[in-house]
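In what follows, chains are A, B, ... by sequence order, proteins preceding strands, each numbered from 1.
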Amino acid sequence: MGNMKLTLKIWRQAGPDAKGAMVDYPVTDISEDMSFLEMLDVLNDKLVREGKEPIAFDHDCREGICGSCSLFIDGRPHGPSRHITTCQLHMRKFKDGDVIHVEPWRAGSFPVIKDLVVDRGAFDRIQAAGGFVSVNTMGNLVDANAQPIAKQDSDKAFDAAACIGCGACVAACPNSSAMLFVAAKVSQYALLPQGRPEAKSRALNMVEQMDKEGFGNCSNIGACEMECPKDISLENIARLNREYLGAEWTKE
Amino acid sequence: MSILDAKVPAGPIEKKWSEHKDHIRLVNPANKRRIDVIVVGTGLAGASAAASLAELGYNVKSFCFQDSSRRAHSIAAQGGINAAKNYPNDGDSVYRLFYDTLKGGDYRSRESNTWRLAEVSANIIDQCVAQGVPFARDYGGLLDNRSFGGALVSRTFYARGQTGQQLLLGAYSALMRQVGKGKVKMYDRHEMQDLVVVDGKARGIIARNLITGELERHGAHAVLLCTGGYGNVFFLSTNAMGSNVTAAWKAHKRGAYMANPCYTQIHPTCIPVSGDHQSKLTLMSESLRNDGRIWVPKKLEDAKAIQEGRKKGSDIPEDERDYYLERRYPSFGNLVPRDVASRAAKERCDAGFGVNRTGEAVYLDFTSAIERYGKLEANVHHIDNPSPEKIRELGMKVVSEKYGNLFDMYENIVGENAYVHAMKIYPAVHYTMGGLWVDYNLQSTIPGMYVLGEANFSDHGANRLGASALMQGLADGYFILPYTIADQLSSEIRTGPIKTDTAPFDEAENAVRERTDRFFNTKGTEPVDHFHRRLGKVMWEKCGMARNAAGLKEGIAEIRKIREEFWANVRVPGKPNELNQELEKAGRVADFLELGELMCMDALERNESCGGHFREEFQTGEGEALRDDDNYAYVAAWEWKGDPGSEVMHKEELKFEALKLSQRSYK
Amino acid sequence: MARQGLFGSSLAKKYWMALTGLFLITFLVVHAGINAMIFFNDGGVTFNTWAHFMGTNLIIRTMELVLFAGLILHVVDGLMLWKQNRAARPQDYVFAKHNANSKWYSRSMGILGTLILLFLIVHLWHFWVKTRHIAGSMELYGVDAAGQENLFALMSDVFANPLVVVVYVLGCFSLFWHLMHGFKSAFQSLGLNHPRYNGAIAALGTAFSIVVPVLFASMPVSMYLGWIK
């Protein structure tokens with residue numbers, strides 16, 4: 001067992017329509033080898049034993065790839081370290097005696113379901129509006145190597161495709177804009193020949209859905225890029241700006 | 001004749017699948033619109049099956065417990081996906097992939113299924129590239145391949161260390177396309193609680209809406225379980241926290257046989273346990289073994305000194321290091337299959353040679369690789385007489401390019417720089433080869449219920465090769481099930497929509513409700529995790545990397561005791577009709593507590609060692625697994641008889657026509 | 001509200017913001033260039049010559065209308081963005097460290113813009129309204145050495161008031177921060193982002209953001225301190 005003592009200030013909210021508030025929780029015996037979520041496990045274990053409601057939070061793979069975890073820790077999405085998700089954050093980043101605020105992602109388009117759990121269904125709906133290549137499952141497609149793709153383009157497409165859909169970009173953005181998420185998806189396909197045939201409709205439809213969901217507007221502040229656990233570049237947003245402009249200009 | 005009919009088509013093995021496809025009954029497009037299919041799980045198998053079925057015209061309802069279908073645990077697969085494309089021209093073929101998979105599985109898989117998997121593997125790559133999956137490419141713009149986990153050819157396609165993510169997001173995009181079209185209705189944050197069987201056929205499920213807690217009835221003409229593996233029965237595993245056996249277990253209780261549940265894969269390269277708080281274990285990609293060398297000290301006193309923190313790995317001179325894999329398996333060295341590598345690590349640590357505080361870790365050392373790459377780079381850059389520092393610097397750059405993200409991840413978790421200090425690794429539960437029994441059509445013993453991906457037992461035998469899980473998930477979902485399911489659905493075109501206000505639905509929903517009430521009414525003192533941890537410890541010690549009859553019997557007794565205590569003393573706070581994560585866990589752990597016993601029973605019954613199942617009583621003089629083909633070349637399929645522990649075993653004899661059985665050797 | 005097409009979508013708003021912003025930047029170049037004629041220190045003759053040209057040339061006068069349209073579009077578009085962005089987060093964070101991931105001025109374009117707008121109202125009242133719209137208001141200042149209408153004298157008069165000088169310097173300060181974000185942001189909004197040129201754009205943006213406001217601010221200061229007569 002470790003010996004760190006911390007004070008957590010955690011957002012508690014009983015349900016979507018309930019009023020929430022920050023509640024203080026002192027925790028003791030925290031080891032620096034624990035992950036942040038394991039520290040919350042310890043707290044929840046204690047709460048259950050005391051007959052209290054444990055804190056609800058989203059998490060699943062706990063290795064930084066599923067995109068489930070989503071906490072605004074100490075004033076920043078996924079906490080103080082760059083390029084990692086909350087589940088990869090370890091307690092050695094904190095000091096004995098620290099006071100740590102923990103809040104859910106805050107955006108009108110990500111309504112709180114309970115405590116620290118929010119509804120990110122808007123991302124799925126944006127994806128369903130155009131985040132795909134319209135190719136059915138086929139047993140006799142052309143060979144995968146029939147069309148070479150420049151390594152540079154393929155690598156850039158991968159960089160964009162690394163997005164885990166966690167929503168940290170929205171959480172970080174003072175405008176609650178979802179542009180980095182949308183731009184990453186649009187870019188991945190725009191950079192690959194397979195995605196070009198639908199590039200125009202994809203950009204238009206995904207942006208339309210993004211706007212419908214009520215996200216804010218991108219004003220190039222750049223907080224999203226700084227907080228993105230997968231280091232998705234603002235270059236993708238510029239690419240979306242180009243793609244969309246071209247699509248609007250030439251649509252029939 | 002066994003009561004299990006695998007329905008393997010007749011004919012030579014290379015013709016079975018195409019002949020079978022040619023003769024499957026079809027459903028005409030207009031009639032597909034009248035047929036509903038439920039797909040539970042949105043991993044590679046579930047997402048690809050749901051998308052493909054919707055494309056064909058069926059009405060699909062897709063379920064996942066995560067907040068989005070994009071988060072299924074397939075996403076965490078790192079290394080790659082195998083396919084018999086033979087792009088590198090190094091002699092690969094369908095036959096070789098089939099051979100490697102069957103041999104790797106220690107000849108405990110169904111030959112025809114394994115062949116089919118190898119046969120459709122090439123299509124998967126074509127499909128994924130067409131969907132815009134950004135696989136790694138070489139400078140000529142063509143797809144790159146690497147060798148992986150015990151294969152002698154390079155047939156693994158990859159997308160950096162995130163192949164699972166890219167493939168899953170490809171399948172997810174296909175699924176979302178159908179959601180957008182209205183052909184798939186998506187139910188996320190829903191967890192299947194029971195299977196509904198009407199007149200002997202799977203006709204629907206009871207699902208809990210995890211936000212409102214409401215129990216919902218969903219009817220369909222067929223139900224697909226694509227719900228992944230049950231490695232979390234061990235509490236600590238590389239699985240996601242939510243990965244569970246509930247859907248499969250409930251189906252088992254409704255009549256689906258559970259096959260080879262004891263076949264568990266322990267992955268050799270994971271980050272060791274750091275303390276009691278540990279909630280999960282993190283895998284370090286197997287690809288690291290391509291360049292890292294695994295060792296422990298030769299001398300026990302050195303190991304002791306390291307365990308007590310008096311020495312570091314770097315203090316041990318080269319000739320006092322035991323590169324035990326290279327020593328024991330000179331031809332495969334550090335690249336032996338996972339089960340072999342894991343057992344060898346356990347053997348050394350059990351003998352006292354472990355290299356961390358708990359004595360449960362071995363070194364994975366990149367010093368040699370850094371030096372080798374450094375010298376190569378110096379040559380490439382025409383640097384004459386480079387200093388050792390320069391070589392190290394150049395070499396580290398290469399290693400960082402190849403594995404940088406893994407080294408970063410390691411440093412995040414352990415707080416140690418693996419370029420300087422050799423990485424410490426230990427085996428951890430990773431994958432379950434066992435699962436629900438299915439026939440050649442992927443249909444379970446309940447007509448109308450199909451099982452895909454890791455949730456079924458079929459293709460990997462007693463041990464799965466690296467980069468084959470992704471292959472199987474997508475093969476099942478894209479290229480096998482959409483064909484085979486038509487055979488049964490063609491007889492459903494006049495059935496009409498499945499009504500959910502019938503007695504079987506009432507009965508199933510009530511059963512779920514009663515169990516939920518029982519959780520709350522127990523009003524005990526211990527949280528769910530308390531029991532899960534204890535179960536995991538028993539499973540790891542008694543039914544883990546090495547098993548023996550006495551231990552398994554003890555394990556069964558201990559599990560029964562934990563199960564009793566669970567039902568007497570578990571505390572589930574909150575209410576049923578709200579988002580209640582403790583209730584979710586309780587339901588999953590209750591099922592693990594029953595599954596664990598069956599796994600021990602299965603392991604106890606199988607008096608041989610094969611693949612991931614290593615019985616200490618059955619080993620060669622050199623400590624290798626000793627198979628018993630005369631008595632155990634069968635699939636053990638367990639039938640539920642009303643109570644845990646009372647299951648009855650049925651055998652599907654495995655017949656090998658294309659391959660001769662031989663002792664597996666990687667020496 | 002329809003949020004679609006080249007007028008309503010969130011991206012369209014960015015394009016308009018960027019285009020009008022860049023247009024206003026070109027205006028700043030012209031404006032600063034002409035005003036800098038006062039530094040010839042010739043009693044305002046060169047300056048007045050150019051001012052006269054600008055005030056009477058038909059093309060320039062037409063462009064003035066376009067300029068106002070651009071300014072209004074920039075302001076209205078900005079206000080709409082500000083309103084929508086506020087609405088997108090109905091419940092704000094209790095504790096947030098915005099400075100850890102972004103610059104305060106990038107987050108404050110609305111406020112900086114509002115300050116500039118307030119300054120502009122004062123500025124327009126001082127010069128544009130008086131010279132163009134109140135008949136006879138310039139007679140007070142007579143003519144310069146070359147016999148031209150003496151806008152220079154008006155400037156000297158206005159900038160004799162220290163309070164006005166302070167307001168102008170503050171206005172230039174707001175402009176500096178506004179440009180620090182706005183200049184390169186306009187390029188990004190129009191998709192003009194390339195790893196090879198990003199550095200150059202950012203450097204140009206910073207240089208511009210410093211040079212132009214400093215030039216502007218130096219005018220009232222120099223006149224007040226009597227460096228220019």
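- Proximity to chain A is limited to the backbone of B/Asp138, based on heavy atoms less than 4.5 angstrom apart.
- At a 4.5 Å heavy-atom cutoff, the contact between B/Gln78 and chain A is made by side-chain atoms alone.
- Ranked by non-hydrogen atom pairs under 4.5 Å with chain A, the options B/Ile75, B/Ile413, B/Thr525 are led by B/Ile413.
- With a 6.0 Å cutoff to the six-membered ring centre and a 45° limit on the axis angle, B/Arg588 counts as a cation-pi contact of B/Phe65.
- With a 4.5 angstrom heavy-atom cutoff, B/Phe135 touches chain A only via backbone atoms.
- Of the listed residues B/Ala130, B/Ser69, B/Gly180, the one with more heavy-atom pairs under 4.5 angstrom with chain A than any other is B/Ala130.
- For B/Asn123, the part lying under 4.5 angstrom from a heavy atom of chain A is the side chain only.
- Within the 4.5 Å cutoff, side-chain heavy atoms of B/His530 are placed close to those of A/Arg49.
- For chain A, the nearby parts of B/Ser279 are the backbone and the side chain; heavy atoms of each come within less than 4.5 Å.
- Neither the backbone nor the side chain of A/Ile126 comes within less than 4.5 Å of any heavy atom of chain B.
- Only the backbone of B/Val414 comes within contact range of chain A, judged by heavy atoms closer than 4.5 Å.
- With a 4.5 angstrom heavy-atom cutoff, A/Glu50 touches chain B only via backbone atoms.
- Contacts with chain B were tallied for A/Asn44, A/Ile164, A/Val118, A/Asp153; A/Ile164 has the most, counting heavy-atom pairs under 4.5 Å.
- When heavy atoms are compared at a cutoff of 4.5 Å, B/Glu582 approaches chain A solely by way of its side chain, counted from C-beta outward.
- Heavy atoms of B/Tyr478 lying under 4.5 Å from chain A belong to its backbone as well as its side chain.
- Contact of A/Leu89 with chain B is not made at all, since no heavy-atom distance falls under 4.5 Å.
- For chain A, no part of B/Lys181 is nearby; none of its heavy atoms comes within less than 4.5 Å.
- Both the backbone and the side chain of B/Gln131 have a heavy atom closer than 4.5 Å to some heavy atom of chain A.
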